[in-house]
Protein chains: 2
Amino acid sequence: MRTISPPVGLPALNETDLVGQVARRLTEAIVQGRLPPGSKVVEAGIARELGVSRAPVREAARLLEQQGLLVANPRRGFFVRQFAADDIDEIYDLRLCVERHAAVLAARNLTPETRDKLRRQIDVLHETADLDDPARQVEEDYRFHRLICEIAGNRRMLRLFDDLASELRMVIGLIGRLYDDPHEIARTHEPVLAAIEAGHPERIVAHVDYHIGHAWREVGRLVREIPPWPAAAK
Amino acid sequence: MRTISPPVGLPALNETDLVGQVARRLTEAIVQGRLPPGSKVVEAGIARELGVSRAPVREAARLLEQQGLLVANPRRGFFVRQFAADDIDEIYDLRLCVERHAAVLAARNLTPETRDKLRRQIDVLHETADLDDPARQVEEDYRFHRLICEIAGNRRMLRLFDDLASELRMVIGLIGRLYDDPHEIARTHEPVLAAIEAGHPERIVAHVDYHIGHAWREVGRLVREIPPWPAAAK
DNA sequence: CAAGATCAAACTGTCGACAATCGACGATTA
DNA sequence: TAATCGTCGATTGTCGACAGTTTGATCTTG
């Protein structure tokens, strides 16, 4: 008789994934604009604030470092990354390169189920547009693009996307409002999906180029407008 | 009167970068095939062996984890990543996607100096081919491709390349000898450089596709031939 | 004999401590 | 007055320790 694991394992709460939790909290704080770019991340401070010791904080910081949100100056500590205009260009250049490919792969792997997922996400985008919640809008936007990478089926590509996205979320979070007309965003996703459904590589690339290129120009413009980062508190 | 800093600063010696050193040692051990795929990385063991405490080892391990060389099972420790055939496909798929773009960008930024660097590296490849040192050959091969990414001028792209390369180095290091004819490798780089010098995007992409595609098929074949990793010692 | 229970050793996750170093501020000197 | 030096608090890098888990082996039981 088998007395194995109690019926259905649920959210196997990791209990002790302090590092992960700290990392999430830190990411959150950075993206939300507390911990502004250039500010110092004092290990002891974070540790005390979260009620843990410095060890998990350090490991989490190393994670965020590799992820590009923090930079480490030996003997000096971790600092929140500062973005310049050319960082935006780098990020979008790479993102465009990857998402083109992802979209083409996604088209190749598309099933009725995954297609529906994409469609539903566009619906969500429209619904979110009514909420006047820019952060949420940006989030749902990413979810759409992330779906494409997921469907493409390359885990490393997905991880790369997540890394780029977390950098972008940070920048965009700091800029504040991104688009004037949220519904406009929602609509501009439709031709991308249409192209993927149609499955013409060239058309896919063209539409992805147009869509991402638009965001690139927009974000680039905003970053150049408000260059000296707000309150880069030491 | 200005008595500023003594003119010529020299190589700011890093002294204490234990984490970095440990990370390098670990990477080395993994790539060289000690620490075979699937083997457990016991923190205390590594720490004792390197004469340091567990803290730096853990942080270094987190680094390698984010880099894809290790995987972390909570409460269970770090394990050396195991590669399957589809990992090879993922890596090369992404690498091809990125290097195409990098090569096109490199062509756009090419200066006489950078062009010479590339040419010289091809010369080095030919010289190395005589040495019968497969590891070295692979290394110089990467250096050529890395140069292209460097010239492309996107730091994030370069980091991505390095990450992919370290995974590949591990796989290839485990396979042992890669090509039969080292001079063959050296020669196949020439059309790539020629295309970059010519500056025709399509021709560049075509040659990069051919070159990387060749390696992809080759590595894929070898991995499929020797699938159960050698000595996956617990 | 096989499946489950029991137990000990090994290992991880986390903590608090300590020395070395950094940064700032005030003292010193030309 | 302005630049340099010395000192002091704050912070990082590293370590050893301890509790809770996991692993593997041994023992028990049907």
Side-chain angles (χ1 to χ4, degrees), chain A residues 1-7 9 11-26 29 35 38-66 70-81 232-234, chain B residues 1-7 9 12-26 29 35 38-66 69-81 232-234:
Chain A
M1 194 250 236
R2 319 179 52 189
T3 16
I4 330 180
S5 60
L13 53 102
N14 242 346
E15 276 293 354
T16 43
D17 180 22
L18 275 201
V19 175
Q21 282 181 256
V22 174
R24 237 164 301 146
R25 289 290 200 96
L26 271 180
L35 290 190
S39 61
K40 187 167 173 16
V41 177
V42 181
E43 300 171 6
I46 306 294
R48 188 152 17 83
E49 199 161 341
L50 298 182
V52 299
S53 81
R54 277 174 50 215
V57 175
R58 280 182 66 87
E59 292 187 24
R62 279 256 141 68
L63 253 148
L64 296 212
E65 181 197 358
Q66 190 76 2
L70 296 180
V71 299
N73 298 36
R75 293 280 176 205
R76 207 164 285 195
F78 293 91
F79 295 79
V80 178
R81 164 126 212 184
K234 155 79 200 269
Chain B
M1 195 251 245
R2 317 183 52 188
T3 20
I4 331 181
S5 59
L13 47 99
N14 233 351
E15 277 291 356
T16 44
D17 181 22
L18 272 201
V19 174
Q21 282 180 257
V22 173
R24 237 166 300 146
R25 289 291 198 93
L26 270 180
L35 288 189
S39 61
K40 188 166 170 19
V41 177
V42 181
E43 301 171 5
I46 306 295
R48 188 152 18 82
E49 199 160 341
L50 297 182
V52 299
S53 82
R54 279 173 49 214
V57 175
R58 280 182 66 87
E59 292 188 23
R62 286 254 186 261
L63 253 147
L64 297 211
E65 181 198 358
Q66 191 76 2
L69 291 189
L70 296 180
V71 297
N73 297 34
R75 292 274 174 210
R76 208 164 283 195
F78 293 91
F79 295 79
V80 178
R81 165 126 212 185
K234 185 217 89 178

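Letters A, B, ... mirror the listed sequences (proteins, then strands); counts begin at 1. Predicted model only: the values in this text are computed from it and were never measured.
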Side-chain donor/acceptor of B/Arg54 to base of C/dG13, under 3.5 Å: yes
Short N-O contact, A/Glu59 and A/Arg62, less than 4.0 angstrom: no
Which nucleotide in [options] has an atom nearest any side-chain atom of [X]:
X       : options                : answer
B/Val19 : C/dT21, D/dT22, D/dT14 : D/dT14
A/Arg75 : C/dG13, C/dC22, C/dC15 : C/dC22
B/Ser53 : C/dT21, D/dT11, D/dC15 : D/dC15

Taking atom [atom2] of [N] as reference, at what distance in whole Å does atom [atom1] of [X] sit?
X       : N      : atom1 : atom2 : result
B/Ile46 : D/dT14 : CD1   : P     : 17 Å
A/Phe78 : D/dA10 : CZ    : P     : 22 Å
B/Asp17 : D/dT12 : CG    : C1'   : 13 Å
A/Glu59 : D/dT12 : CD    : P     : 16 Å

Contact summary for A/Leu70 and A/Val80, nearest pair of heavy atoms: CD2-CA, 3.8 Å
Quick one: is [X] getting a side-chain N or O under 4.0 Å of the [N] phosphate, OP1 or OP2?
X       : N      : answer
A/Arg76 : D/dT12 : no
A/Arg58 : D/dG13 : yes
B/Lys40 : D/dT23 : no

B/Asn73 CG to B/Lys40 NZ distance, which is reported to the nearest 0.5 Å: 8.5 Å
Sugar-phosphate only, base, or nothing, as touched by A/Val22 at under 4.0 Å among non-hydrogen atoms: nothing
Touch class at under 4.0 angstrom, heavy-atom based, for A/Val57 against every strand present: nothing
side-chain contact (heavy atoms from CB on, under 4.5 Å) partner of B/Val57, the single match among B/Ile46, B/Leu18, B/Val42: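 That would be B/Ile46; it is the only one of B/Ile46, B/Leu18, B/Val42 passing the side-chain contact (heavy atoms from CB on, under 4.5 Å) with B/Val57.
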DNA chain D: 5'-proximal contact among B/Ala55 and A/Val41 (nearest heavy atom): A/Val41
